[in-house]
There are 2 protein chains.
Amino acid sequence: MSNAYNRPDQLSPELRKRVLDTARRLGYPGPDPVARSLRTRKAGAVGLLLTENLSYAFRDPGAISFLEGLSLACEDAGHGLLLIPASPEREDVASVHRAGVDGFVVYSVPEDDPHLAAVLERPVPVVVCDQPRLDNLDWVGPDDARAIKSMADHLIKLGHRRIGVSCMRLARGRNDGLASVQRQANASFHVQKSRLTALAESFSEAGVDWTKVPVVERFDHTAASGASAARQLLDLDPDITAIVCTSDILALGALNEARSRGLRVPEDLTVTGFDGIADAERAGLTTVRQPVLEKGRAAGRLLLETSEPGRPREVVLETQLITGTTAAPPRSREERWFGP
Amino acid sequence: MSNAYNRPDQLSPELRKRVLDTARRLGYPGPDPVARSLRTRKAGAVGLLLTENLSYAFRDPGAISFLEGLSLACEDAGHGLLLIPASPEREDVASVHRAGVDGFVVYSVPEDDPHLAAVLERPVPVVVCDQPRLDNLDWVGPDDARAIKSMADHLIKLGHRRIGVSCMRLARGRNDGLASVQRQANASFHVQKSRLTALAESFSEAGVDWTKVPVVERFDHTAASGASAARQLLDLDPDITAIVCTSDILALGALNEARSRGLRVPEDLTVTGFDGIADAERAGLTTVRQPVLEKGRAAGRLLLETSEPGRPREVVLETQLITGTTAAPPRSREERWFGP
DNA sequence: GTGAAAGCGCTAACAC
DNA sequence: GTGTTAGCGCTTTCAC
């Protein structure tokens, strides 16, 4: 009978049909998937752990593209994709324990996330995407430092020396405001940290005192946050010539804020982003594009391919500086006040 | 030991800690979720069945909002969301059989979908969203007939009598072209069918011979398809004054096609949509808005609430006619040729 | 508070 | 091609 369901080739078609018909007539609903999983030690599904509320994954364009890529890989392998409810507020790790999956993809979570710890305890393969960087774990992501360095160099070449930075959440706790150099250094979100570090390095080399550069952090990753961050930066120092954002969403918000202040971009203010989401490219944002869909697909593939244990793999994705229309040489203070 | 993991209150904290520490030291990875599921008969997850390739779900704005709502409901209940790989091409139903879930949400699939049949065989609750309408099954969706009727009445009142219709897939087989009245009647996608039926009814009442109204069908749900459908309609009958689309995506494509033909909307051509996705409202499309996110949430809630068996529930969502800027009274043939 | 045992439904192995 | 059986790892129950 098990054969009738699982190995059609092991018995004659008519017998198979007879068995199946009888089973159905008796009200047998087919093999129980959970019992089968227990026996075969295969769940046929991949678990996805996100930092945010589940629903956030469907609101962030980057996350959506990532999911698209990941689902492509899962589909190719005939695997399901289990989205694990793990809100940052709730410390409830049970959902990770309950997940019947053959492995986990961890997407951009802080190193000290309790859900991550729970995932790592499970005896199944794990692939990390973006962050955190952990030894012994497969990883896929862009070379963040190198990518943002290309942006920094671009801005430095344009002549910007007095800048402000708008960045995403640096740690699990909410902090909407200035991020001290110390907070930057202690960030538990590796991606943000390495972007800031690379920015600091580039601008320091160009003679900028990084301790004087205002870095404003926002917990929520929305355009509204980006606008308020830009507002804070411009209030703090109206003479900054550029706002460097560590994501396109924040940059799009900054663009809105500039507009509502009557600042022309890029004449009065340069704004840059990171990611290369569709909305940003549509808006002509100067940004760094990373292949987000490909990232998801690579993460899925890595997880579903068998790997040699003890030899963590690494997929580094190419990034590309997109010169849009939101970055230009800064104007002198006088020009800014009195027009062209 | 089981108690240590599952019922912290049943034993003293220090004992619990001792047990857990020992377990960890012995390399015990925590209770196996699959075995637990088998025993408790609970998977802690909801399965989602879609018509399309999984990845499509992340490309269609409507599907994305639906998923957002569904994930909200799942998260509230601490349940995971398992996306089931069920491409329309592959007839492989195994993924449904393998899904370790407590119930299924079926999102907009045709009545003759083999995956749906497989879902219905499973002894777990099922909630259908949009289509198909089946007796004995919980259902959530808008009143499609009534919703599109409000649009039809709007167009009739504006004076449109010579229209073309652009609709989505009517059956599982690909058919990019005219859909005969018979094909309309035999459609296995209930939503499209009831929209067409309601349109036919309204326009017939207004004196239009429905058998003469060109209805063009497209398999792929993309703006490009919408554009090509509009092209076909306008080639077939350049004198139509309105293109009624059964989705916003198709309508957005029709808008593109109108633009590239030099037709002004709404002066030369009226275009209408259905759904109320953000892009459409941004474009000023005249459309019918349905609360897509709410639909997903309602489906999830329905599934996770315990229901009285044998009494199928029904959630009918409110829709709203959005009068945008893409519908206006038709101009006479002369006006159309010679300008205002 | 502890320990032993039954059994969830399946598949794989092996004997017929 | 068929029938029987052990055991996947857990939770629950019951006896202590």
Side-chain angles (χ1 to χ4, degrees), chain A residues 1-45 47 78-80 82 92-104 118-119 121-125, chain B residues 1-45 47 78-80 82 92-104 118-119 121-125:
Chain A
M1 155 112 164
S2 183
N3 284 337
Y5 279 96
N6 301 323
R7 261 163 322 191
D9 47 310
Q10 294 287 305
L11 26 62
S12 60
E14 64 266 28
L15 172 61
R16 176 174 144 87
K17 186 170 166 10
R18 198 157 51 82
V19 172
L20 261 39
D21 282 353
T22 313
R24 177 152 326 172
R25 196 155 36 70
L26 262 36
Y28 176 69
D32 179 305
V34 175
R36 172 190 288 180
S37 277
L38 175 59
R39 186 63 240 248
T40 60
R41 322 257 57 200
K42 281 181 177 39
H79 274 57
L82 180 66
D92 180 15
V93 162
S95 54
V96 173
H97 288 141
R98 287 204 307 175
V101 296
D102 298 319
F104 288 92
V119 162
E121 277 175 8
R122 294 273 307 261
V124 293
Chain B
M1 154 116 163
S2 183
N3 284 338
Y5 279 96
N6 302 322
R7 262 168 317 204
D9 47 309
Q10 293 288 305
L11 24 64
S12 62
E14 67 265 28
L15 171 60
R16 177 175 144 86
K17 184 167 170 9
R18 197 157 52 83
V19 172
L20 260 38
D21 282 353
T22 313
R24 179 154 321 173
R25 195 155 37 70
L26 262 37
Y28 176 71
D32 178 304
V34 175
R36 173 189 288 180
S37 275
L38 175 60
R39 184 63 238 245
T40 59
R41 322 259 57 199
K42 283 184 176 37
H79 274 57
L82 179 65
D92 181 16
V93 164
S95 54
V96 173
H97 289 142
R98 288 204 306 177
V101 296
D102 299 320
F104 288 91
V119 162
E121 277 174 8
R122 294 272 309 259
V124 294

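Numbers restart at 1 for each chain; the letters A, B, ... are given by sequence-line order, proteins then strands.
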Beyond-backbone contact of [X] with [Y], side-chain heavy atoms, under 4.5 angstrom:
X: A:R98; Y: B:S37; value: no
X: A:P29; Y: B:E121; value: no
X: A:V96; Y: A:F104; value: yes
X: A:V19; Y: A:Y5; value: no

Please determine which of B:V34, B:V101, B:T40 meets the side-chain contact (heavy atoms from CB on, under 4.5 Å) test together with A:V34. B:V34

Look at B:R39 together with B:D32 and state whether they make a salt bridge at an N to O cut-off of under 4.0 Å. no

Working to the nearest 0.5 angstrom, can you tell me the gap between [X] [atom1] and [Y] [atom2]?
X: A:D102; Y: A:K42; atom1: CG; atom2: NZ; result: 7.0 Å
X: A:R36; Y: A:R41; atom1: CZ; atom2: CZ; result: 15.0 Å
X: B:R25; Y: B:L20; atom1: CZ; atom2: CG; result: 12.0 Å

At under 4.0 Å between heavy atoms, what does B:S37 touch on the DNA or RNA strands: base, sugar-phosphate, or nothing? nothing

Result of checking B:K17, B:R18, B:R24 against B:D21 for side chain to side chain donor-acceptor pair (under 3.5 Å): B:K17

So if I define the base as every atom that isn't primed, P, OP1 or OP2, how would nucleotides 9-16 of chain C read as a B/S/- string at a heavy-atom cutoff under 4.0 Å? BBBS----

Min and max contacting nt of DNA chain D in 5' to 3' order, chain B heavy atoms within under 4.0 angstrom, are D:dG9 to D:dT12

End axis versus end axis in the helix from C:dG1-D:dC16 to C:dC16-D:dG1, the angle rounded to 10°, five pairs used at each terminus: 40°

